[in-house]
Amino acid sequence: MGSLKNDNNQGFLNRLSFKFDLRDYSLFIALLLIIVIFGFLTGGEFLSSRNISNLFSQMSVIAVLAIGMTLIIVSGHIDLSVGSLAGLTGGIAAILQVWYGWDTFAVIIVALIVGALLGLWQGWWVAYRAVPAFIVTLGGMLIFRGILVGLSQGRTIAPLDSSFRVFGNSYLPFIFGYILVGISIALLIYFTIRKRKRRKDLNLLLSHPAIDYGKVTLYSVVLLGLTYMLNRYYGIPTPFLIVIFLAIIFVFVTNKTTFGRYVYAIGGNAEAAALSGINIKRNVLNVFVLMGVMSAIAGILLTARLNAATVSAGDMYELDAIAACVIGGTSLMGGRGRIVGSIIGALIMASIDNGMSMMNIPTFWQFIVKGLILIIAVWIDISSKKQES
Amino acid sequence: MNSDYILEMKNITKEFPGVKALDNVTFSVKKGEIHALCGENGAGKSTLMKVLSGVYQYGTYEGQIKINGVEKKFESIKESQEAGIAIIYQELALVPELSVAENIFLSHELMRKKIINWDKIYAESQKWLEYIGLDIDPQEQVKNLTVGKQQLIEIAKSLTRNTELLILDEPTAALTESDVELLKGILRDLKDKGVTCIYISHKLNEVLDLADNVTILRDGQSITTLPREGLTENEIVTNMVGRELSEMFPYEPREIGEKVLELKDYSVWNPNSHRPIIDKANLTLKKGEILGLSGLIGAGRSELFMSLFGVKVGKNKSGQVFINGDEVSIDSPADAIKNGIGYVSEDRKRYGLVLGMDIIKNTSLVTINNFTKKKIINSEEELHNVEQVSKKMKLKASNLESIVGTLSGGNQQKVVLSKWLLGNPQILILDEPTRGIDVGAKYEIYKIINELAESGVSIVIISSELPEVLGISDRILVMSEGKVTGEFSREEATEEKIMALATGGRENGIIKE
């Protein structure tokens with residue numbers, strides 16, 4: 001408080017800022033640390049092309065859930081049913097295809113619709129009936145799992161068409177990978193220049209060019225390196241490509257649409273949002289519908305990757321998704337969180353799984369380590385909030 | 001030295017950043033008396049009691065407190081309780097789901113070998129309830145009792161801890177007539193039994209009815225202590241207000257236009273409560289007019305305008321609302337905004353701002369749809385508009401991406417005002433617009449309000465600060481207990497007249513002009 005007093009007479013100044021927000025970078029540092037540690041402990045095997053490719057395929061399902069979960073948590077709610085819902089929608093897609101011979105396009109549409117409808121159902125209870133989301137989605141977790149067991153009669157449903165498996169088990173050809181990265185880097189440079197120019201025109205705080213362009217260089221190197229590594233194996237995995245695509249859409253939605261703005265306002269202060277004329281109920285409902293659709297996408301990716309739908313598919317994924325969001329800086333108190341952070345959170349969670357498996361550490365340790373990381377991440381969130389106020 | 005006095009507070013000064021809440025206050029209470037403490041909102045009564053009870057611990061204020069002639073330095077509420085002081089606040093501190101007896105002995109349960117001795121708790125509770133003259137079953141759940149009875153339970157609870165000095169803060173604000181009488185009887189009875197009582201109240205008839213002595217605070221200073229004998233309400237009021245309207249208020253007479261808003265028999269109530277929240281309010285508001293709304297806390301002023309703004313404050317509402325001559329029905333803030341109404345809440349942190357968001361996003365929260373194409377935000381347009389209004393408001397911040405939680409109270413209030421002004425409202429409701437704001441920023445906000453009225457916006461100012469209402473309004477309405485009890489033009493209004501109507505006294509009973 002009161003840190004603005006120095007500038008009281010000067011109004012809004014455009015200043016160059018060298019200030020580094022450590023919170024923004026702590027995530028990257030954590031990720032880097034994990035990579036280095038596992039790289040060292042596995043004798044470099046963790047950083048092999050094959051493993052990186054596996055890692056990105058593995059993280060995709062959780063990353064998709066984490067993207068939707070970010071909006072849920074930002075709006076001040078929680079969704080414990082996403083694992084069951086992913087299992088159910090994936091199961092329905094598999095049943096329709098394997099048992100009834102529907103084609104891939106049709107089963108995907110049905111899965112997405114089912115996801116949206118079940119999201120609508122939960123959102124209605126939360127928004128219009130004021131039942132706490134924790135309870136509604138805890139119920140949903142049981143209900144959806146129950147429906148899945150009932151529909152599949154407890155059996156594993158396989159195999160799926162090759163056109164379906166594409167979503168989990170294919171790769172972008174090398175040349176397209178490089179083209180994509182080239183375009184990405186060009187866009188990155190373009191947007192950075194445009195952002196700097198606009199912020200200058202609008203008298204906003206401008207970071208030092210070295211920081212902005214340094215970031216661009218760093219991102220470009222990482223992107224190129226990553227693509228090179230993935231191309232040394234089979235190329236960029238399709239599920240990861242889908243994650244990137246969804247991430248771009250959701251980053252846009254959160255930053256540039258009224259819906260995104262409202263979600264942050266509702267999570268930040270629901271009473272103030274309501275008195276600003278925002279329809280809290282409808283927006284919360286929409287967030288749950290979106291979460292339902294994202295769960296269905298996750299379910300499709302999961303079923304495609306396993307080439308089967310099982311009764312226990314997606315079990316406990318909700319916890320991984322929530323952990324990914326929290327590690328990525330999303331505040332469980334609502335109002336704060338970023339899509340990119342959650343995806344990095346998902347990558348961290350997947351890296352821990354993957355790295356510990358490679359080291360042949362028993363599964364029980366993975367649970368313990370992930371549990372501890374979750375608690376510490378929330379503790380960091382809470383203690384940083386205390387410092388602010 | 002003088003042990004006639006149970007309490008002596010000498011030269012108490014308490015400062016908050018930028019505000020002197022208490023300035024050299026001296027306050028003494030004799031043993032066994034009922035001593036009333038009077039003053040306007042913000043005069044320092046609550047602060048004084050918080051100093052006394054250890055909420056503000058020793059060292060955060062200057063001055064000396066003596067209990068029974070012995071100096072005390074309370075570090076916590078617990079220490080003041082041990083010294084025999086108990087405060088009963090307006091907001092009760094009972095657990096509704098527990099029984100009367102459980103509440104009375106909460107946190108000092110009677111034990112027998114580490115096990116709660118329920119028989120003894122019920123027996124003792126019965127004894128204390130009888131002692132204060134209350135006929136209630138100690139096993140009754142507290143939530144089934146009226147607010148008045150609950151208050152008496154709190155008194156019983158405090159008496160079990162050897163309370164010698166009982167402090168009641170606005171005890172009758174939420175009570176029905178019969179509960180008020182019950183409370184008065186019990187207080188007189190306790191007085192006979194030797195319990196000393198400090199009675200804080202706005203209701204001057206009660207004060208005169210109960211008190212032996214009356215101490216009056218104004219602007220953080222102790223003005224005088226007067227004995228009950230020969231004291232009139234008028235005398236108290238004069239001492240409570242007694243100050244000149246300073247040059248704080250930039251007021252310019254302006255042209256006042258046509259009727260913009262009219263309420264006819266507007267009522268809000270809950271089916272099971274004793275009295276309506278709003279009782280048949282009738283009022284009009286004209287174009288470019290500043291309408292002041294005065295009354296005590298709890299008179300229903302905020303509730304009236306929150307309800308008008310589409311916020312649910314009671315279960316049912318009735319009556320008619322006309323805007324520019326057309327009857328409208330407003331069921332949500334969104335409806336109100338569509339009808340050109342803006343509402344600046346009295347609690348800006350809770351109802352006005354998303355504290356974790358930056359200035360830009362807070363300012364554009366209401367009007368964001370004006371800066372969108374197909375629900376996609378045009379950031380340049382948004383920023384351009386926010387910047388313009390912020391400049392007009394003379395907002396002080398290092399940049400517009402500052403998080404509003406880090407701004408000063410005055411600047412936060414400017415963000416809230418900007419938020420509404422971006423939508424060009426025709427009616428702007430300001431609920432305690434200068435609460436918690438330093439003097440300089442207050443003046444700027446008054447100037448903005450005047451400019452807005454000049455430009456044709458109709459403004460309602462709800463304020464508990466009488467000088468503010470008198471200084472800025474073209475016309476003043478007074479509310480008391482959910483009713484509009486009076487109306488004054490700027491010229492005829494005085495603090496005395498307003499206080500008389502706000503406290504429920506009869507106009508001609510007090511004013512002798």
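Chain identifiers are assigned alphabetically (A, B, ...) following the order of the sequence lines, protein sequences preceding nucleic acid strands; residue numbering begins at 1 within each chain.
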Task: Heavy-atom pair of closest approach, residues B/I449 and B/I459 - done: O-CD1, 3.5 Å

Open item on the list: Less than 4.5 Å to any heavy atom of chain B: does that hold for the side chain of A/R198, its backbone, both, or neither?
Closed with: side chain

Open item on the list: Looking only at heavy atoms and a cut-off of under 4.5 Å, which of B/E401, B/R350, B/K338 has the most pairs with chain A?
Closed with: B/R350

Open item on the list: Is B/T372 in contact with chain A via its backbone, its side chain, both, or neither, using a 4.5 Å heavy-atom distance?
Closed with: side chain

Task: Under 4.5 Å from any heavy atom of chain A - which part of B/S364 - done: side chain

Task: Note, B/F309 side chain near B/I337 side chain (heavy atom, < 4.5 Å) - done: yes

Open item on the list: Strictly by ring-ring contact (aromatic ring centres under 6.0 Å, His included), give each pair with a member in residues 364-415 of chain B just once, sequence neighbours left out.
Closed with: none

Open item on the list: Heavy-atom pairs under 4.5 Å with chain B - which of A/S276, A/G277, A/A274 has more of them than the others?
Closed with: A/S276

Open item on the list: Under 4.5 Å from any heavy atom of chain B, what part of A/F259 do you find: side chain, backbone, both or neither?
Closed with: neither

Open item on the list: Working note: B/K392 + B/E451, criterion salt bridge (Lys or Arg N to Asp or Glu O under 4.0 Å); need CA distance, chi angles, decisive distance, verdict.
Closed with: CA-CA 11 Å; B/K392 209 167 89 183; B/E451 284 163 19; over 6 Å; no

Task: Under the side chain to side chain contact (heavy atoms under 4.5 Å, CB included) test, residues paired with A/A265 that sit two or more places apart - done: A/A273, A/I278, B/V354, B/M357, B/L365

Open item on the list: Are B/M479 and B/I278 packed together at the side-chain level, in the sense that at least one heavy-atom pair is separated by less than 4.5 angstrom?
Closed with: yes

TODO: Find the one option among B/K374, B/M306, B/E380 whose heavy-atom pairs under 4.5 Å with chain A are most numerous.
DONE: B/E380

